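So you know, we letter chains A, B, ... as the sequences are listed, proteins then strands, and number each from 1. This is a predicted model, so every value here is computed, not measured.
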Protein chains: 2
Amino acid sequence: MSIQDNKIEAEMNRGFLQIMVLLALETPMYGYMMLRFIEEIGYSIEENTLYPILRRLDKNGWLSSRWDVEHDRPKKYYKITEEGKMIRKKLLSIRQKQDGIISKLLKEVNNG
Amino acid sequence: MSIQDNKIEAEMNRGFLQIMVLLALETPMYGYMMLRFIEEIGYSIEENTLYPILRRLDKNGWLSSRWDVEHDRPKKYYKITEEGKMIRKKLLSIRQKQDGIISKLLKEVNNG
DNA sequence: ACAAATGCTGTATGACACACAGTATGTCAA
DNA sequence: TTGACATACTGTGTGTCATACAGCATTTGT
């Protein structure tokens, strides 16, 4: 992957990553677990990228977190909050609206 | 629209706006014309937002531009370049992949 | 015993959406 | 005829977020 590609992907990830995290955390997970989960469902995200998002969404009140210190190494479990669900809904509706615009424009490009 | 909503929309716009502009400029347009065009097809974008995008994509070589000084006030017409079309394709494919992830996760949320 | 995987934290950096300020012409109604 | 509003741009902030980079500690596999 070229540097340019990387930059483009980073830009395209904005907004999307939040939606993905907010959807995934319907089931409680800790960071490292999520990384593997995301790979499983066919996407890919860096440790560098995921941890700051979790912290930020937690700080926003869109996620709640608790430390599990009873098994193994300490793990920080996150799950979506009610506020997070409202935000998720909003984000999804914006995304849907955008998809509508894209398909409208795409039709014109293909028929032009 | 609250300040919070505004911030969220701005974030969701990232990546999307480039796609929209690159699709719209299959037909040459100048900035102000595009603003009205975008409203027509059901989206909304600020002058503040569109002009810098056009400049940036132009600078990247994804758009080409020429001044029309023959009619009325000077207008800067933009259209997509071949490189722009390649980028557009890439952006669309990333977007599509993301949409796939979202619908996969959404299914689990709704069935859970 | 040593590498690799696991599981996190904190701080820096760069790109982009958007804000704000500015410039100038054209149109239309009071 | 003047003043508001639409048209049509430019230039330079600012804040947020994805990602980079550095660090720390435990566990597992060989």
Inset, instruction - Whole angstrom is fine here: how far is it from CD1 in B/Ile8 over to P in D/dC17? - result: 9 Å
Legend entry - Among D/dA20, C/dA19, D/dC17, the one nearest A/Asn48 by side-chain distance: D/dA20
Inset, instruction - Go through the structure and list residues passing side-chain contact (heavy atoms from CB on, under 4.5 Å) with A/Thr27, not counting sequence neighbours. - result: none
Inset, instruction - Using a strict 4.0 Å threshold on nitrogen-to-oxygen distance, state whether B/Arg14 and B/Glu9 make a salt bridge. - result: no
Inset, instruction - Using whole Å, report how far CD1 of B/Ile53 lies from P of C/dC18. - result: 7 Å
Legend entry - Rounded distance (nearest 0.5 Å) linking atom OG of A/Ser65 with atom OH of A/Tyr77: 13.0 Å
Legend entry - Separation of C/dG7 P from A/Ile38 CD1 (nearest whole Å): 15 Å
Legend entry - Presence of donor-acceptor pair under 3.5 Å, side chain of B/Asn13 and base of C/dC16: no
In residues 105-112 of chain A, what donor-acceptor pairs under 3.5 Å come from side-chain atoms, sequence neighbours left out?
| from | atom 1 | to | atom 2 | distance (Å) |
| --- | --- | --- | --- | --- |
| A/Asn110 | ND2 | A/Leu106 | O | 3.2 |
| A/Asn111 | ND2 | A/Lys107 | O | 3.4 |

Legend entry - Spacing of B/Glu46 atom CD relative to C/dC18 atom C1', expressed in whole Å: 8 Å
Legend entry - Minimum heavy-atom distance B/Phe16-A/Ile102, with the two atoms named: CE1-CG1, 3.7 Å
Legend entry - Partners meeting side-chain contact (heavy atoms from CB on, under 4.5 Å) with B/Thr49 (sequence neighbours left out): B/Leu17, B/Ile45, B/Glu46, B/Ile53
Inset, instruction - Specify the separation, in whole Å, of atom CG of A/Leu17 and atom P of C/dA15. - result: 19 Å
Inset, instruction - Report the C-alpha distance between B/Trp62 and B/Ile80 in whole Å, list the side-chain angles of each, state the deciding distance to 0.1 Å, and finish with yes or no for side chain to side chain contact (heavy atoms under 4.5 Å, CB included). - result: CA-CA 6 Å; B/Trp62 304 352; B/Ile80 191 168; 5.9 Å; no
Inset, instruction - Could you state the atom-to-atom distance from CG of B/Leu54 to C1' of D/dT10 in whole Å? - result: 13 Å
Inset, instruction - Please state how far atom CG in A/Leu35 lies from atom C1' in C/dT6, giving the value in whole angstrom units. - result: 11 Å
Could you run down the sub-3.5 Å N/O contacts of the protein with nucleotides 6-9 of chain D?
| from | atom 1 | to | atom 2 | distance (Å) |
| --- | --- | --- | --- | --- |
| D/dT7 | OP2 | B/Tyr32 | OH | 2.3 |
| D/dT7 | O5' | B/Tyr32 | OH | 3.3 |
| D/dT7 | O2 | B/Arg73 | NH1 | 2.3 |
| D/dA8 | OP1 | B/Lys75 | NZ | 2.9 |
| D/dA8 | OP2 | B/Tyr30 | OH | 3.0 |
| D/dA8 | OP2 | B/Arg36 | NH2 | 3.4 |
| D/dC9 | OP1 | B/Lys76 | N | 2.6 |
| D/dC9 | OP2 | B/Gly31 | N | 3.4 |
| D/dC9 | OP2 | B/Tyr32 | N | 3.3 |
| D/dC9 | OP2 | B/Tyr51 | OH | 3.1 |
| D/dC9 | N4 | B/Glu47 | OE2 | 2.9 |

Inset, instruction - Quickly work out the A/Asp68 CG to C/dG7 C1' distance and round it to whole Å. - result: 12 Å
List, one per line, each side-chain donor-acceptor pair under 3.5 Å for residues 30-43 of chain B, sequence neighbours excluded.
| from | atom 1 | to | atom 2 | distance (Å) |
| --- | --- | --- | --- | --- |
| B/Tyr43 | OH | A/Gln98 | NE2 | 3.2 |
| B/Tyr43 | OH | B/Asn13 | OD1 | 2.8 |

Inset, instruction - To the nearest 0.5 angstrom, please state how far the NZ atom of B/Lys76 sits from the OH atom of B/Tyr51. - result: 11.0 Å
Protein N or O to nucleotides 11-14 of chain C N or O, pairs below 3.5 Å:
none

